[in-house]
Structure formats: structure tokens, C-alpha cells
Amino acid sequence: MQGTGVQLSPETRPFLIGAAIGSGLVAQAAERGGADFVLALNAGRLRTRGLPSVTSMLPLGDANAEVVEFARREIAPQIDLPVYAGLSVFDAPAALDQALDNLAAGGVRGIVNFPTAAHHAGEVRRTLEAAGRGFAAEMDMLRHAATRGFATLAYIKTEEEAQIAASIGPKMICINFGWNAGGRLTELVPDVSINEAILRARTIVRRLARDAPQTVVLMEGGPVVHPRQVAEICAEAGTQGYVGGSTFDRLPIEDAVYDRALAFKSAARARRVERRLDDRLLHLAAKQGLVGPSGALENVLRRLSGLAEQGGHIVIAGKPGTQRHAAAQLFLALAGLDLQLTILDPQEQGGFETGVRLFGRGADRAGLLEEADGGVLRIENPGALEARWQRKLARFLDTGSVTRYRGRTAISPRPTVLAVTDASLAALEKQGRLLPELSARLAPREVVMPSLTERREDIPALLEWVTAQAGGQFEFGPSALGFLMRAELPRGVSDLRHLAEKLTASETRGSLSAVDLDPFLALPRAAGGQLDSMSAERASILDALRRHAFNRTAASREMGITRKTLYNRMKRHGL
């Protein structure tokens with residue numbers, strides 16, 4: 001059913017997309033999505049078994065036999081696209097010829113060198129070459145496949161390999177930047193940065209334009225995950241296509257299955273929570289943005305409802321972004337006290353004056369405790385009060401009476417004290433920010449707000465709420481939801497709110513994918529921490545080169561060094 005080949009004439013030079021996959025289902029989806037050709041690789045097959053691509057280099061089975069089998073029976077009959085089968089050179093020549101015969105009989109019209117020695121370096125690579133099982137042998141295999149009428153695609157990583165590959169005249173050459181990082185199956189960090197990938201691709205494209213002008217140059221792997229990154233490299237390096245492996249099957253399938261399973265689970269749990277909680281409670285909570293089906297949120301709502309029924313003081317503890325103030329407002333609404341609120345923030349004034357403002361002074365100055373009599377006094381971070389005022393507050397909470405600073409008569413105001421803290425009482429006490437006697441008095445009525453990490457199931461509902469609050473005309477599609485449910489959001493719900501506000505300000509419309517969010521989010525640094533001095537210098541060289549379209553004279557001028565010094569530094573860093 002597949003076509004006869006990819007049109008690669010110099011006049012048309014289309015931007016080509018290749019899908020390196022391991023199943024007929026993904027091949028059909030790639031075809032419907034507009035892929036130009038398919039690569040049947042053992043790495044794709046291993047990914048369907050839940051293994052990372054790097055295991056394709058291990059002796060887990062007969063790679064060639066497996067590729068021949070699934071390429072001719074599962075891939076080629078299902079699609080009209082050209083299919084390239086990945087063959088290694090570990091089989092004897094006669095076995096490789098038999099594999100080519102079987103592939104041709106099954107309608108496969110292309111061959112690619114994979115698994116490839118290009119992924120090896122150092123002693124392993126030298127040993128493979130010496131044994132006649134290295135990159136040179138792979139190029140001989142592709143040359144032989146071409147004489148049998150197969151189109152060929154050569155995987156390479158370096159300029160030297162590109163030069164060798166060009167000598168056999170393949171239809172396509174793919175620059176590989178290493179194994180794709182990301183997802184749940186691997187903790188790999190990319191071998192190169194986007195800037196280094198651009199520099200490497202640019203050098204290789206120029207070499208191949210001279211040595212093999214009829215060959216289309218593609219790219220794959222490493223840090224290249226998003227379409228935006230593909231566009232960057234193509235625009236700045238001149239590559240003419242992209243091959244996606246993990247980015248076309250592992251990552252999308254992981255995300256889609258994760259999102260769908262979580263959606264079903266969350267929907268079912270949401271219904272159960274709705275049946276268990278009072279309609280009025282859910283309605284009031286939703287007005288404050290306390291939405292979602294997680295068990296952690298359900299526990300908070302139950303606790304707030306119970307404390308509001310009992311009456312009395314309350315502490316709501318939580319880091320910024322945990323909706324601690326929303327919980328405070330919900331408590332007030334449940335207790336019918338939301339219109340009678342006095343606020344004290346000890347961090348807004350000096351320590352002494354804050355105490356006087358809270359307790360009053362002498363015979364003629366009432367404090368906030370008296371002013372809030374019959375209403376609510378909200379104290380922000382009582383741990384910021386001086387120790388003497390914390391002791392005085394603890395005595396008031398214990399006895400119900402207090403004297404003003406330098407006062408002589410005990411008074412008994414009856415406000416509801418609502419304390420909001422940035423950490424649990426136990427943590428504040430351990431840090432020396434809260435006296436044990438005040439902590440002990442407040443602890444029985446403490447509500448600790450869960451972090452967003454503890455309630456990831458709530459993120460879809462929270463996103464809907466923050467979008468409505470921002471007045472956004474967009475919605476988060478499945479991949480965007482899945483991305484945000486896994487992302488590091490250090491400021492919790494505040495990060496979601498700021499994202500919705502940015503998207504609204506940019507006049508974003510419609511359903512958003514994970515890729516659409518990339519310009520609006522600062523992604524966490526990859527594992528590895530701070531750059532060392534050598535890595536920092538390397539990165540600064542690449543940044544300067546890229547800012548000046550890789551003009552080395554302009555880059556060296558910006559860096560304040562000579563062109564020769566720049567050359568030497570690039571050489572030292574292997575650039």
C-alpha cells in the first residue's frame with residue numbers, strides 16, 4: 001500500500017517529517033498527521049514495551065529479525081507512506097541480504113543504519129570499527145542496499161560522519177543529537193543544548209551542501225522536543241526536516257494515557273465527593289476558588305465546616321499559593337462572619353507599635369481586640385509578633401480577658417481570632433518564630449492547607465476557575481492539562497493564576513496544547529544544578545555566536561576578545 005519514495009528534487013525541497021515508530025497504530029496516526037515517511041526501528045518497538053530508546057543498543061534480542069518482521073507485516077501494509085527499516089551490521093552479509101529480500105517482498109523501500117555505532121564513542125567505537133561492525137560498515141551496508149534499489153537514510157552525529165555518509169550518496173542524512181530526554185521512562189539529560197545543536201547542524205549542513213547537494217539534511221533527538229525548537233534549528237541552521245522517535249510515540253502516548261486515566265479517575269472521584277459534601281459548602285467553596293475532587297481538599301472543606309459550626313478561634317496555615325486566604329474567607333462565610341473583619345499584619349509596623357495596636361494602651365486607646373468585639377480579627381503571621389505580645393495573646397486566648405499595655409483594668413472582648421500563617425504551627429515553633437505557649441493554644445484549631453503537589457487532581461478545576469477569573473477566552477486541552485498536572489509549580493495556585501492572566505493579556509484564544517504554554521512558562525532547570533566555569537564559558541560562547549547569526553568576527557567583538565582567541569576557545573570546548 002505504500003508509495004514509491006520521497007520526492008527530494010532540489011527544486012521542491014519540501015520540509016520532511018519522519019516518524020521513527022514501532023507499531024502500526026502509531027504509523028497510521030503519523031500518516032494522518034502529515035508525516036512524509038516512517039522509520040521502523042527496534043528502538044520504536046522497545047518503546048512499545050515500556051523501555052527507553054537507549055535500550056536499542058543492548059543485546060535484548062535479534063534486532064534485525066524483529067524489525068524485518070514488524071516492518072513488513074505491521075507497518076508497510078497499513079500505510080501509503082514510504083517505510084525505512086533500521087538494520088544493524090552485526091549480522092553476516094548473507095543474513096543482511098536475506099533481510100533485504102524479505103523487506104523488499106514486504107513492500108519496504110528504504111533502509112537506515114540503526115542501531116548505529118554513531119551512538120558509541122571512545123574505546124567502544126574504536127573496537128567496533130576494528131571488528132568491521134562500526135560506522136564504516138554501516139555505510140557499506142547502505143551502499144549495498146542502494147544497489148538493490150532501496151532508498152537510503154544515514155544516521156550521523158558528527159561532521160566527520162556526515163562527510164563519510166555523503167560519499168555514498170544517500171537520499172537523506174539525519175543529524176542525531178542524542179537520545180531524547182524527558183517523560184517518565186528516562187532521566188537522561190540532553191548531550192547538547194539547543195544553541196550547540198544549532199551550531200553543529202549549521203556546520204554539517206554547510207559541509208553537505210558542498211559534498212552532497214542532492215541530499216536532504218534532517219535532524220533528530222537530544223534537546224529537540226517541541227515544534228518551536230525544530231523551527232529554531234531549521235531557520236538558523238538550514239536543516240530541511242525532522243525525524244521524531246520518542247517525541248512521536250513515547251512522550252505523546254505517555255501524556256495521553258496519563259491524562260485520560262487521570263481524567264476518568266478525577267471525574268469519578270468528583271462525583272463521589274459531591275455526594276458526600278453539602279451543596280452549600282461546595283457552593284461557598286467554589287466562590288473562593290476552592291475547587292477540585294482531591295481527597296486533600298475534601299478533608300480541608302470538612303474541617304473548615306466543622307470548625308465554623310463549633311465557633312471559636314482558628315488558624316489556617318499554608319505556604320503562599322496554597323489558597324490559605326481563600327480558606328479563611330470560606331471559614332468566615334460558613335460562620336456568617338464575612339462582613340465583620342479587622343486585619344492586623346505585624347510585618348507592616350514595628351514590633352512594639354504592633355503590640356500596642358493589638359492590645360491598646362492606657363485608659364484612652366482601645367486595641368484591635370476591642371474594636372473587633374463580636375466580629376473577626378485576622379492576624380497575619382502571628383509569629384512576627386514580639387515574644388511579649390505572643391505571650392499576652394496566648395493568655396487572652398486561654399482566659400478570655402486582657403489588659404491594655406500600661407492599663408490597669410482587665411477587659412473581656414469577644415472577637416473571633418483568625419490567624420493566617422505561612423507554615424504550620426509546629427514548623428514555626430521549631431524555627432523559633434512562635435512561642436510554645438501560643439502554639440499549644442492554637443494547635444487544636446489549626447487547618448493546614450495542602451500544597452498543589454498534594455492535590456494535583458484539582459488542577460483542571462483550578463485552571464477553569466482562574467481562567468474565568470481572568471476573563472480568558474481559551475481552554476486548556478488534554479496535553480496542556482497533562483503538562484501542568486506534572487509541572488513544577490513552586491508558587492502553587494498563584495502560578496496557575498499568573499499563567500491565566502498572561503494568556504488573557506496576550507489575547508490567546510481557543511483550545512491550548514502543551515506546546516502553546518511553552519512561551520508563557522519558565523521551565524525548571526534540568527537536574528545538575530549550577531554550571532561549572534567551563535560549562536558557563538561554553539554556554540556564553542554559544543549564546544554570543546547565536547546572537548550574531550554565528551558570525552565569529554561579530555561574536556568575538558561582543559565578547560571583547562580576538563577572533564583567534566574565540567577560535568581557540570571553541571576548539572577547547574569541542575565546538
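In this text the structure is predicted, and so the values were computed from the model without any measurement. Note that the numbering runs from 1 along the sequence shown for the chain.
- Rounded to the nearest 0.5 angstrom, Ser88 OG and Arg133 CZ are separated by 9.0 Å.
- A 4.5 Å side-chain heavy-atom check between Val230 and Met219 finds at least one atom pair inside the cut-off.
- A donor atom on one side chain and an acceptor atom on the other are found under 3.5 Å apart for Ser246 and Ser53.
- Contact check for Leu87 versus Leu100: side-chain heavy atoms found under the 4.5 Å cut-off.
- The two residues Ala40 and Ile75 have their closest heavy-atom pair at CB-CG1, 4.5 Å.
- Considering all non-hydrogen atoms of both residues, Pro490 and Glu488 come closest at CD-O, 3.4 Å.
- Residues Ala20 and Leu41 approach most closely at CB-CD1, 3.7 Å, considering heavy atoms.
- Remark: the backbone N or O of Ala43 is not paired with any side-chain donor or acceptor of Ser56 at under 3.5 angstrom.
- Here the closest non-hydrogen pair linking Asp62 and Ala65 is OD1-N, 3.1 Å.
- Checked by atom type and distance alone, the side chain of Arg207 never pairs as donor or acceptor with a backbone atom of Gln163 at under 3.5 Å.
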Stepwise, does the side-chain contact (heavy atoms from CB on, under 4.5 Å) test hold for Thr504 with Phe474?
CA-CA 8 Å; Thr504 301; Phe474 52 84; 3.4 Å; yes
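- Between Gly492 and Leu452, the shortest heavy-atom contact is C-CD2, 3.7 Å.
- In this structure, Leu153 and Phe37 have side chains that are in contact, with non-hydrogen atoms separated by less than 4.5 Å.
- Residues Arg148 and Asp101 have side chains in contact (heavy-atom distance under 4.5 Å, counting atoms from C-beta outward).
- With rounding to the nearest 0.5 angstrom, the CD atom of Glu161 is 8.5 Å from the CD1 atom of Ile204.
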Go through the steps for Thr55 and Arg49 under the test side-chain contact (heavy atoms from CB on, under 4.5 Å), then give the verdict.
CA-CA 11 Å; Thr55 57; Arg49 299 174 187 169; over 6 Å; no
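- The closest side-chain donor-acceptor pair between Ser556 and Arg563, if any, does not fall under 3.5 angstrom.
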Worked check of side-chain contact (heavy atoms from CB on, under 4.5 Å) between Leu503 and Leu517:
CA-CA 9 Å; Leu503 289 165; Leu517 303 183; 4.3 Å; yes
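- When side chains are defined from C-beta on, Ser294 does not count as touching Glu454, because their heavy atoms never get closer than 4.5 Å.
- Looking only at atom types and distance, the side chain of Tyr155 has no donor-acceptor partner in the side chain of Glu138 under 3.5 Å away.
- For the atom pair SG of Cys234 and OH of Tyr242, the computed distance is 10.5 Å after rounding to the nearest 0.5 Å.
- At distances below 3.5 Å, not a single donor-acceptor pair connects side-chain atoms of Asn176 with backbone N or O atoms of Lys157.
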Are Glu129 and Arg126 close enough, and set up right, to give a salt bridge (Lys or Arg N to Asp or Glu O under 4.0 Å), and what steps lead you there?
CA-CA 5 Å; Glu129 298 294 346; Arg126 288 191 291 273; over 6 Å; no
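- Inter-residue side-chain proximity for Met485 and Pro460 is flagged as met; some heavy-atom pair is nearer than 4.5 Å.
- Shown here is Glu159, whose CD atom has more than 12 heavy atoms of other residues, nucleotides or ligands within 6.0 Å.
- Under a 3.5 Å cut-off, the side chain of Glu475 and the backbone N or O of Ser511 do not form any donor-acceptor pair.
- Rounding to the nearest 0.5 angstrom, the gap separating the CD atom in Gln28 from the CD atom in Glu74 is 9.5 Å.
- Residue Ile21 comes nearest to Ala27 through the heavy atom pair CD1-CB, 3.9 Å, listed as atom of the first residue, atom of the second, then distance.
- Atom CZ in Arg202 sits 16.0 Å away from atom CZ in Arg200 (nearest 0.5 Å).
- Summarising the geometry, atom CG belonging to Asp458 is positioned 10.5 Å from atom CG belonging to Leu463; distances are rounded to the nearest 0.5 Å.
- Ring geometry, His119 versus Trp179: the interplanar angle falls under 30°, so the pair is classed parallel (tilted spans 30 to 60°).
- Residues that satisfy the side-chain contact (heavy atoms from CB on, under 4.5 Å) test with Ala201, not counting sequence neighbours, are Ile175, Phe177, Ile233, Ala237, Thr239.
- With sequence neighbours left out, the ring pair (Phe, Tyr, Trp, His ring centres under 6.0 Å) criterion links Phe135 to no other residue.
- His144 is linked by a ring pair (Phe, Tyr, Trp, His ring centres under 6.0 Å) to nothing, counting only residues two or more places apart in sequence or in another chain.
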Take Leu199 and Met570 through the test side-chain contact (heavy atoms from CB on, under 4.5 Å) and record every step on the way to the result.
CA-CA 11 Å; Leu199 179 60; Met570 290 177 67; 4.2 Å; yes
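- For the residue pair Glu464 / Thr467, no side-chain donor-acceptor distance below 3.5 Å is found, with atom types taken as modelled.
- Ile459 is not listed as a side-chain neighbour of Phe476, based on a closest heavy-atom distance of 4.5 Å or more.
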